[in-house]
Every structure is written in structure tokens, then in C-alpha cells.
> 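I am attaching a structure below and will ask some questions about it afterwards.
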Amino acid sequence: MAPKLPDSVEELRAAGNLSFRNGQFAEAATLYSRALRMLQAQGSSDPEKESVLYSNRAACHLKDGNCIDCIKDCTSALALVPFGMKPLLRRASAYEALEKYTLAYMDYLTVLQIDDSVTSALEGSSRMTRALMDSFGPEWRQKLPSVPLVPVSAQKRWECSPSGYRKETAKSKSKEATATKSRVPSAGDVERARVLKEEGNELVKKGNHKQAIEKYNESLWFSNLESATYSNRALCHLVLKQYKEAVKDCTEALRLDGKNVKAFYRRAQAYKALKDYKASFADINNLLQIEPRNGPAQKLRQEVNRSLN
């Protein structure tokens, strides 16, 4: 008896997913196309379901090297559900394969606004940075259009995404950290890191802390040996109330430079916000051993001391 053919959008999508996992990309694309036609024929408005089908079909096109159709499908998916991470990443990969580096860079940076720990976006933005620097020279950033600003609502939507994605992000972050630490930066990498760090500092002065984090992320990809880059990124995390991230960055800064006063102070601030007053007090005391007359630290010690008592 012949197997029952899929006869619903959900069944077609599931069949497409199975074919994709088995490496049958053309067959998967056909199944996703049938699901799309069926969904559109039903006339029901379900933009998220339609967007996923376009994004899934785009993945098939990308696997088969059909970058043009991949870009078209990703663009259709993003028109239905703006700032979707998977279509953004797939479109960026297709743009990169077509050597459209500016467009790829924009998509990678858009993803990093949503989640700055996505390894493929971090690595992609670094590759595009190198390609654009080689093409346009030191002033390459001035030739770029502005990166679309991801609204808070879109960021919150991805913060609430399924646990499977969050687990994958955690794995990616761990891999990215390991890969970065294992790299030995060249003299050119160190210079690029310095330039990116200065660009981040300028964004901080303008109050653009999220964009500054992106610059510091890129800087650390080229070279992770600069203590100040970590402590500067920690400041941004503090302003954005991302206190655990601030603690991590300050700890890394102090690993590189045990006398980084700003790192001690910012970690003390973060610990205070997390109500870990003992750790905060210890950091302030370490700071004051280096700079006994540091006024802000003395004031912070008084505040933390009151909380301890």
C-alpha cells in the first residue's frame, strides 16, 4: 500500500523538514512550495507560518547554491515577519557567496543587534569587515548605509524564543569564546581592533550603547588582548542593565590587567545592582588599594556598606 501523501500545510512542512534533514534539498523545496501554495489558497492570514515556509525554502536554495532564489525567499519571509534571525542569516550567507559584501554585512549586524552571541553572525561580520576594508580602505565605514535599528519589540520576541534556540545560542557563545581565545592576532588585526574600539568609544559618547557593543564585539574578534575593550563594553552592559554580562566583561578585563581600575569599579557597580554586596565591597577595596583617593569608589563603598549593615 502506497504511503499517504501529505494533505495539510503542517504535514507538508513536516515532510519538507524530514527531506531537508536527509539532504534531499530539491525535494524539501518542492514540499515547502506546495505548503505555501496551500496556505495562500486557504486565504487565512498567518504571516508567521508563511514566513517560516519561505525561510525554510530559502535554506534549500542556499544548500543547492541557488543564492538568487534564496535571497528572494528570505526577503519575502522578512516582509512578513521583520527581523527574523534565520532568514537574515541565510540572506547574509547568500549575499556573501555572491560577493555582495555590504549587503551581507548589514544583515549580519542586524542579527547581532538581536543577539550579540550568535557565532555565525560574529564570524560573518568579521569576514565582511576584512573584505570591505580590502575593497574600500580605512574609510570603508563611511561608504555604508545605516544599519536598520532593531526595535525593542523584535528583540523581546527573540528573547522569548523556544528553549532549543536558546540552547544553541549558548553553545555558539561558548564556541565563539573558545575560538577567539585560541587566535593569535597579527599586527594588522591588532590595529583593526584598535580602530573598532575607538569607534565604539565614540558611540558611547553619543549614547549609542547597543551599537557600541557591536563595535567592541568586532574589535574583540580581531584581538582579545585589550583589557580596556572589555571594561568599555562592560560600561555599555551596565547602562543597558545587563549586569551579569558586565560582571563577565570586567572579570575578563581584570584577567588581562589586574590593575584596571575601571573594571574593578564597574564590576562593583554590577555586583551592587545584583545585590551581591560582599563581592561589590571586595572590588571597591581592591580598587582603593590601587587608587586610595578615588572619590567615586569611596562614595560607592559607603553605599554598599550601608546595604551590608
Side-chain angles (χ1 to χ4, degrees), residues 82-85 88 106-119 121-122 125-126 141 146-161 165-166 168-170 172-174 176-177 180 193 196-221 224 226-256 260-277 279-280 283-284 287 296-297 299-300 303-304 307:
F83 304 109
M85 284 224 262
L88 279 169
M106 305 300 283
D107 277 350
Y108 284 131
L109 283 196
T110 302
V111 171
L112 290 173
Q113 284 186 67
I114 302 167
D115 187 338
D116 63 6
S117 69
V118 179
T119 302
L122 284 163
S125 66
S126 296
R141 288 184 183 278
S146 57
V147 179
L149 184 63
V150 178
V152 175
S153 58
Q155 294 176 43
K156 286 182 177 177
R157 169 161 54 87
W158 288 104
E159 285 170 6
C160 300
S161 59
Y165 176 76
R166 302 310 304 173
E168 186 60 33
T169 297
S172 296
K173 194 164 189 175
S174 174
E176 177 258 330
T180 302
L196 287 162
K197 183 189 76 171
E198 292 302 323
E199 290 180 6
N201 294 348
E202 290 301 313
L203 286 166
V204 169
K205 292 175 185 177
K206 296 174 182 177
N208 297 329
H209 295 95
K210 286 187 178 180
Q211 292 179 33
I213 286 174
E214 292 173 13
K215 297 294 183 187
Y216 294 137
N217 289 344
E218 290 184 68
S219 176
L220 289 166
W221 175 258
N224 63 337
E226 179 63 57
S227 176
T229 308
Y230 283 105
S231 55
N232 289 1
R233 189 170 69 175
L235 172 63
C236 299
H237 286 310
L238 275 174
V239 172
L240 297 171
K241 299 184 179 179
Q242 298 166 344
Y243 301 120
K244 291 181 180 179
E245 289 83 352
V247 168
K248 289 177 184 176
D249 272 352
C250 290
T251 300
E252 193 62 28
L254 289 165
R255 185 185 68 81
L256 292 165
N260 186 327
V261 169
K262 289 180 179 179
F264 273 125
Y265 183 73
R266 288 165 186 168
R267 192 168 68 175
Q269 288 179 300
Y271 277 137
K272 178 174 179 284
L274 293 168
K275 298 185 179 179
D276 188 346
Y277 300 118
S280 180
D283 273 347
I284 299 165
L287 187 163
K299 182 180 178 182
L300 184 59
E303 293 172 2
V304 172
S307 298

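No hydrogens, no waters, no symmetry mates; every other heavy atom, side chains included, goes into these values.
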> Work out which heavy atom in S227 is nearest to a heavy atom in N260; give both atom names and the distance.
OG-ND2, 2.8 Å
> Taking only residues two or more places apart in sequence, or in another chain, which ones meet K206 in a salt bridge (charged side-chain N to carboxylate O under 4.0 Å, His left out)?
none
> Could you walk me through whether L300 and L287 satisfy the side chain to side chain contact (heavy atoms under 4.5 Å, CB included) test, starting with their C-alpha distance in whole Å, then the side-chain angles of each, then the deciding distance to 0.1 Å, before giving a yes or no?
CA-CA 11 Å; L300 184 59; L287 187 163; over 6 Å; no
> Taking atom NZ of K244 and atom CG of L274, what is their separation to the nearest 0.5 Å?
7.0 Å
> Just verifying a value: how many Å separate I284 CD1 and Y265 OH, rounded to the nearest 0.5 Å?
8.0 Å
> Is there side-chain contact between L254 and R267, with at least one heavy-atom pair below 4.5 Å?
yes
> Would you say H209 and L203 make side-chain contact, with heavy atoms under 4.5 Å?
no
> Indicate yes or no: at least one non-hydrogen side-chain atom of I213 is less than 4.5 angstrom from one of L240.
yes
> Atom CG in L112, atom CE in M85: separation rounded to 0.5 Å?
9.5 Å
> Taking all non-hydrogen atoms of both residues, which atom of S219 and which atom of A193 are closest, and how far apart?
OG-O, 2.7 Å
> Does any part of the side chain of K248, heavy atoms only, come nearer than 4.5 Å to the side chain of E245, both counted from C-beta?
no
> Can you list everything that forms a salt bridge (charged side-chain N to carboxylate O under 4.0 Å, His left out) with E214? Sequence neighbours excluded, please.
none
> Does some side-chain heavy atom of L238 sit less than 4.5 Å from a side-chain heavy atom of Y243?
yes
> Considering non-hydrogen atoms only, spot the tightest contact between V304 and Y277 and give its length.
CG1-O, 3.4 Å
> If you apply the rule side chain to side chain contact (heavy atoms under 4.5 Å, CB included), what do you find for R255 with E252, and how did you get there?
CA-CA 5 Å; R255 185 185 68 81; E252 193 62 28; 2.5 Å; yes
> Side chain of S280, backbone of D276: donor and acceptor closer than 3.5 Å?
no
> Return yes if some donor-acceptor pair links the side-chain N/O of S125 with the main-chain N/O of A121 below 3.5 Å, else return no.
yes
> Counting distance only, does the side-chain N/O of R266 pair as donor-acceptor with the main-chain N or O of S231 below 3.5 Å?
yes
> Would you say N232 and V204 make side-chain contact, with heavy atoms under 4.5 Å?
no
> Ignoring hydrogens and angles, tell me if any N or O in the side chain of Y216 forms a donor-acceptor pair with the backbone of N201 under 3.5 Å.
yes
> Is the shortest side-chain heavy-atom distance between N224 and Y230 below 4.5 Å?
yes
> Does the side chain of N217 come within less than 4.5 Å of R233's, by heavy atoms?
yes
> For the side chain of H237 and the backbone of L235, is there at least one donor-acceptor N/O pair under 3.5 Å apart?
no
